[in-house]
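Throughout, protein chains are lettered first and strands after them, A, B, ... in sequence-line order, and every chain is numbered starting at 1.
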Protein chains: 2
Amino acid sequence: MARKRFDDSNCSVARALNEVGDWWSLLVVLHAMYGPRRFVDFQQELGIARNILCDRLSRLVDNQVLKKVEVGEHGSRCEYRLTEKGRDLFPIVVALRQWGDKWNPSPEQAPLDLRDRETGKPIRQIEVQNIDGQPLSVRDVFVKESVPKTKKAV
Amino acid sequence: MARKRFDDSNCSVARALNEVGDWWSLLVVLHAMYGPRRFVDFQQELGIARNILCDRLSRLVDNQVLKKVEVGEHGSRCEYRLTEKGRDLFPIVVALRQWGDKWNPSPEQAPLDLRDRETGKPIRQIEVQNIDGQPLSVRDVFVKESVPKTKKAV
DNA sequence: CAATATGGTTGCTTAAAGAAACCAGATTAG
DNA sequence: CTAATCTGGTTTCTTTAAGCAACCATATTG
């Protein structure tokens, strides 16, 4: 496959995709959001090949999205938990879910109904907002040119 | 590689990832957000292999994320534009960008400064919110069980 | 008419995904 | 104490997709 890497890209979207931009990584993160997961949990819930799961888990741990925690009780057990960096993916996962529900609804299943634990009311549709909380579309936004940090004499 | 498909998954995140969950598709969409793009534009801006670009473009068109528009002027030209479905990926792209900027900042480049065209002020950090616009973390949310649609007698 | 631009397609090579078997350390059952 | 089992992997092999470069067909420009 010779996948291209984007570690060094100056585009933060590309760099983000480099860490969680493949099919499995985000699904692993998604499942970890329901609580700590062990190796077999991921395997059974996702139906992922074991070697690929290994690879993804170790990469996510390397990238500090997950942390591996030894759980002492009976035997060699460890669970994987989200770090703060991992938890910070929550809006992305939710936005993907909402997009999928809107544009590719499952014919046989109602969309997952996420609710505010406090009020019991449904959560809001995720949107790009200005500083006052007003929604912004692609058209409403522009890229402000920044002064380059320190320009090395070339 | 034998990629697993998630078309039939009952998880809307998996279904969403099926359409835009690979490295290139989202980057193609991202670049299309700056305005209509032609074949060579994507190729040069992204450095993607031509056959892969072909494949991704046609899949995105099939999935109605992009539409292909013939542009009459001099020669066989066509551009790719976002559909509404494609534009709806805006929050996801922005959220990814913010996550990348926060957790993997580029050492040599300031993060892209997206601003409200109206006010000139920076946009807000994307977050999951309750109905009143208050931010919600993973912990603040629960999944409300829904009544199944119509249960076929088994 | 030749050169060039555009939007692809075709082959080839390499690397990653998937499946299944194997494995090592710790635990429990007998 | 020994055998079976659980857990979290690793190894091997096959299939498939990504990347590269060459080729191609149409249309335009010089």
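- One atom, CD1 of I48(B), and another, C1' of dA17(D), lie 13 Å apart when rounded to the nearest Å.
- In this structure, the CD1 atom of I52(B) is 16 Å from the P atom of dT14(C), given to the nearest Å.
- Rounded to an integer number of Å, the gap from CD of Q43(A) to P of dG18(C) is 12 Å.
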Could you list the protein-to-nucleotides 9-11 of chain C atom pairs, N/O on both sides, closer than 3.5 Å?
residue	atom	partner	partner atom	Å
dG11(C)	O6	N51(B)	ND2	3.2

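- Computed from coordinates, the Y80(B) OH to dT6(C) P distance equals 14 Å when rounded to whole Å.
- Listed for the Q64(A) side chain is no donor-acceptor partner under 3.5 Å among the backbone atoms of E84(A).
- The shortest distance between side-chain heavy atoms of F39(B) and C54(B) falls below 4.5 Å.
- Residue contacts shown for F42(B) are absent, as no nucleic acid heavy atom lies under 4.0 Å away.
- A salt bridge (Lys or Arg N to Asp or Glu O under 4.0 Å) check over residues 129-142 of chain A, counting only residues at least two apart or in different chains, returns nothing.
- Following rounding to the nearest Å, R77(B) (CZ) and dA27(D) (P) show an atom-to-atom distance of 14 Å.
- A donor-acceptor contact shorter than 3.5 Å links the side chain of N130(A) to the backbone of Q134(A).
- Atom P of nucleotide dT7(D) and atom CG of L53(A) are separated by 14 Å, given to the nearest angstrom.
- Annotation: side chain of I126(B) is not in contact with side chain of W99(B) (no heavy-atom distance under 4.5 Å).
- With distances taken from any side-chain atom of C78(A) to the nucleotides dT6(C), dG9(D), dA19(C), the minimum falls on dG9(D).
- Partners of E118(A) by salt bridge (Lys or Arg N to Asp or Glu O under 4.0 Å), not counting sequence neighbours: none found.
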